[in-house]
Peer 1: 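Supplied in structure tokens, the structure appears directly below.
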Amino acid sequence: MLFMDFSRACEQLEGTSGRLEMIDIISRFLPNLTPEELPVFVRFVMGRIFPDWSSRKLGIGPNLLYEAIGYVAGIKKEQVIEKINTTGDAGRAVEELLSIKSQTTFFHEDLDLVHVYTELIAIAELEGKKSQREKLLAVRRLLGNAHPLEGRYLARIMLEELRIGVGEGSVRDAIAKAFLVDSALVEHAMQALNDAGEVARLAKLGPGALRDVRITQFHPVRMMLAQQGTIADMIKEHGQIAAEFKYDGSRFQFHKKGNWARMYSRRLEDVTGALPDVIEALLAATEHDVILDGEIIAIKDGRPMPFQSVLRRFRRRHDVAEAQEAIELVPNVFDILYLDGETIIDLSFSERRKILMNVVNRYVAPQVVSSDPDEIEKMYNEALAAGHEGIMIKVPASAYTPGQRGKNWIKIKPDVDTLDLAVIGGEWGEGKRAHVFGSFLVACQDGGKLIALSRVATGFSDEQLLEVYDLLKDRVIKKSGKEVTFEPGLVFEVGYAELQVSPTYEGGFALRFPRFIRIRDDKDIPDIETLENIRERYNLQSKSAQAYKA
């Protein structure tokens, strides 16, 4: 497949708003692709280069890309940035600049889809002092051979922000439709492999290949997620429920095979090198080959320390031994996904818990199973007294659903309600904060698109605003007076008093009294809140208000 054909497919999808039509478009392309092209097409159409389980990064920031575009277009980088500021979209800006260039250029070497992928992989593997220069030259070569439309999508793929609205659900259903297989089989395979591209290749082989899919050790799967809820509602719906402490730490996934182990963060980054003490502790806690799910907390004087203390260790690459002495980390294991060659995510939570208790001899998180609200409340109060955030409520009959945020896991905590949202825009501050961004536009996700939800201007210290500025200054893609637009990448945890119906924002909701809580650099854009869950939160909020009035 030529990259031009892929680009035309993307253009068609970008002009389509209906989900069913998107599924139909993608499904028509898939059967005609070779086994080598199929995984690449699927990953690219989702705006990704690498499988989701991989923590590899392309290593091309906006500035390097803008410099390469300027060289190919024969203009200065500052002019490229000005064009991007005007369009608000690096892809459209590249397309316009290459359109001007193509009028005076008569030769293009046709770009092949797999060749583009191979070149991007080679760029990602470049390391060392000269790597940035070599990456720049490689990007120049790719853009130099790109037609204008190809440039639009090539630039967006390099920034890993395709902007055509194709979500995982659409890809799942397109794969099922293209190869006449059950979408439930496709979804299960996507959960286990964490690579939609590989799932598409297997689907082409038939349903048997999908049924044979197993979780692969050292290919992390996305972690099951929780949403807001109440103890009373969970007992009313399920009867007996399981309650566990909700820790203010960092989620981890631990893979062990023999004496070899790796640990992955919530973002599926390999953090093994930063946590040798935790790795050693968990290696000693089981003799089996396992994949464990849990949370690491920092402890000082017998009490849990704030989340940021754990993150400092997760980020650390140097002086790890000194950090071990300064911060004691303790793992708390609450689930098991794999045991001695068998994937067990389809077993009920209660069955997985029994297995966990049998194969891990230390660090298993405490649990209470009951249908008595007083017992669950007691567990909740014990959690708060011990310095934890609250409790998690889990449905004993539920399977483990990687990457899914459903009603089988519910979080209960006393703090103000919070949402994890993407930072998509901002505004320069005033007075002593005039040199940093002073307020921010944050968004939830809906079907692969980011939907603005609120502006956040309170809760920041001067030091935090400086930190946020450093993280966002190179992600500006548009300027208009005091307002700026960012390439999405940073996630904020935002507290709020209540959700309100509002015509101001596209999603139809706004946050009352939004307040910055913390940077969630353990989360990526796919981990942020969905518009569907926000609707559910609003409905729950409305029911609570009506009950109070009654």
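Everything numeric in this text was worked out from a predicted model, so none of it was measured.
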Peer 1: What residues, two or more places apart in sequence or in another chain, satisfy salt bridge (Lys or Arg N to Asp or Glu O under 4.0 Å) together with E463?
Peer 2: none
Peer 1: Look up atom CD1 in I297 and atom CD in E389, then write down how far apart they are to the nearest 0.5 Å.
Peer 2: 11.0 Å
Peer 1: In terms of the angle between their ring planes, are F349 and W409 parallel, tilted or perpendicular, with boundaries placed at 30° and 60°?
Peer 2: perpendicular
Peer 1: Which distance, rounded to the nearest 0.5 Å, do you find between the CG of L450 and the CD1 of I528?
Peer 2: 5.0 Å
Peer 1: Counting C-beta onward and ignoring hydrogens, is there a side-chain heavy-atom pair between V436 and L466 closer than 4.5 Å?
Peer 2: yes
Peer 1: If we count only N and O atoms by modelled type, under 3.5 Å, do the side chains of D346 and Y400 hold a donor and an acceptor together?
Peer 2: no
Peer 1: For the residue pair I241 and V369, establish whether any side-chain heavy-atom pair is separated by less than 4.5 Å.
Peer 2: no
Peer 1: Looking only at the aromatic ring of each residue, does the gap between the centers of F513 and Y496 stay below 6.0 angstrom?
Peer 2: no
Peer 1: Decide yes or no for L511 and L419: does some side-chain heavy atom of the first lie under 4.5 Å from some side-chain heavy atom of the second?
Peer 2: yes
Peer 1: List for me each residue that meets side-chain contact (heavy atoms from CB on, under 4.5 Å) alongside K407, sequence neighbours excluded, and say none if there are none.
Peer 2: Q227, E536
Peer 1: Would E14 and R92 count as a salt bridge (charged side-chain N to carboxylate O under 4.0 Å, His left out) here? Give the steps.
Peer 2: CA-CA 12 Å; E14 192 169 0; R92 294 277 183 181; 3.6 Å; yes
Peer 1: Could you walk me through whether I391 and E382 pass the side chain to side chain contact (heavy atoms under 4.5 Å, CB included) check?
Peer 2: CA-CA 9 Å; I391 57 172; E382 287 175 358; over 6 Å; no
Peer 1: Just to verify, which of L337, L356, D335, V364 counts as forming a side chain to side chain contact (heavy atoms under 4.5 Å, CB included) with L292?
Peer 2: L356
Peer 1: Do the side chains of K482 and E430 get close enough for a salt bridge, i.e. N-O under 4.0 angstrom?
Peer 2: yes
Peer 1: Quick one, R222 with D527, criterion salt bridge (charged side-chain N to carboxylate O under 4.0 Å, His left out). Give me CA distance, side-chain angles, the key distance, then yes/no.
Peer 2: CA-CA 10 Å; R222 278 180 294 172; D527 300 321; over 6 Å; no
Peer 1: Find out whether K256 and M263 are in side-chain contact, i.e. whether some heavy atom of one side chain is under 4.5 Å from a heavy atom of the other.
Peer 2: no
Peer 1: Show your reasoning for whether side chain to side chain contact (heavy atoms under 4.5 Å, CB included) applies to I345 and I215.
Peer 2: CA-CA 9 Å; I345 60 174; I215 288 177; 3.7 Å; yes
Peer 1: What do you reckon, is CD of E280 surrounded by more than 12 foreign heavy atoms closer than 6.0 Å?
Peer 2: no
Peer 1: Identify, with sequence neighbours excluded, every residue that meets ring pair (Phe, Tyr, Trp, His ring centres under 6.0 Å) alongside F516.
Peer 2: F460, F492
Peer 1: Are the side chain of T286 and the backbone N or O of V359 linked by a donor-acceptor pair below 3.5 Å?
Peer 2: yes
Peer 1: Side-chain contact test, heavy atoms from C-beta onward, threshold under 4.5 Å: evaluate it for H219 versus D195 and give yes or no.
Peer 2: no
Peer 1: Side-chain donor-acceptor pair under 3.5 Å between T272 and D270, yes or no?
Peer 2: yes
Peer 1: Do the side chains of D374 and K378 get close enough for a salt bridge, i.e. N-O under 4.0 angstrom?
Peer 2: no
Peer 1: Using side-chain hydrogen bond (donor to acceptor under 3.5 Å, both in side chains), reason through E493 and T418 one step at a time and then give a plain yes or no.
Peer 2: CA-CA 6 Å; E493 183 178 355; T418 64; 3.1 Å; yes
Peer 1: Within a reach of under 6.0 Å around CZ of R303, are more than 12 heavy atoms found that belong to other residues, nucleotides or ligands?
Peer 2: yes
Peer 1: Quick one: CD on Q240 to CE on M234, what's the gap to the nearest 0.5 Å?
Peer 2: 12.5 Å
Peer 1: Charged N to carboxylate O below 4.0 Å: is that the case for R156 and D89?
Peer 2: yes
Peer 1: Strictly below 4.0 Å, N to O, side chains only: are R43 and E160 in salt-bridge contact?
Peer 2: no
Peer 1: Does some side-chain heavy atom of V360 sit less than 4.5 Å from a side-chain heavy atom of I336?
Peer 2: no
Peer 1: Quick check on E532: does its CD atom have over 12 non-hydrogen neighbours (other residues, nucleotides or ligands) under 6.0 Å away?
Peer 2: no
Peer 1: Is the shortest distance from a Lys or Arg side-chain nitrogen in E467 or K473 to a carboxylate oxygen in the other one below 4.0 Å?
Peer 2: no
Peer 1: So does P51 get a backbone contact from the side chain of S54, meaning a donor-acceptor N/O pair under 3.5 Å?
Peer 2: no
Peer 1: Pick one: which of R352, R353, R251 meets salt bridge (Lys or Arg N to Asp or Glu O under 4.0 Å) with D293?
Peer 2: R251
Peer 1: Do NZ/NE/NH1/NH2 and the carboxylate oxygens of D462 and R433 come within less than 4.0 Å?
Peer 2: yes
Peer 1: Report yes if some heavy atom in the side chain of R405 is under 4.5 Å from a heavy atom in the side chain of N533; otherwise report no.
Peer 2: yes
Peer 1: Return each pair, listed once, that meets ring-ring contact (aromatic ring centres under 6.0 Å, His included) where at least one residue sits in residues 224-245; pairs must be two or more places apart or across chains.
Peer 2: F245-H388
Peer 1: What residues, two or more places apart in sequence or in another chain, satisfy ring pair (Phe, Tyr, Trp, His ring centres under 6.0 Å) together with F437?
Peer 2: W428, Y469, F486
Peer 1: Going by atom types alone, do S348 and E351 pair a side-chain donor with an acceptor below 3.5 Å?
Peer 2: yes
Peer 1: Do K394 and E244 sit within salt-bridge range, that is, some charged N less than 4.0 Å from a carboxylate O?
Peer 2: yes
Peer 1: Between K411 and D417, does any NZ, NE, NH1 or NH2 come within less than 4.0 Å of an OD or OE carboxylate oxygen?
Peer 2: no
Peer 1: Any side-chain heavy atom of I344 sitting closer than 4.5 Å to one from L347?
Peer 2: yes
Peer 1: Going by ring pair (Phe, Tyr, Trp, His ring centres under 6.0 Å), name the residues that satisfy it together with Y338, two or more places apart in sequence or in a different chain.
Peer 2: none
Peer 1: Between Q464 (side chain only) and S461 (backbone N and O only), is there a donor and an acceptor less than 3.5 Å apart?
Peer 2: yes
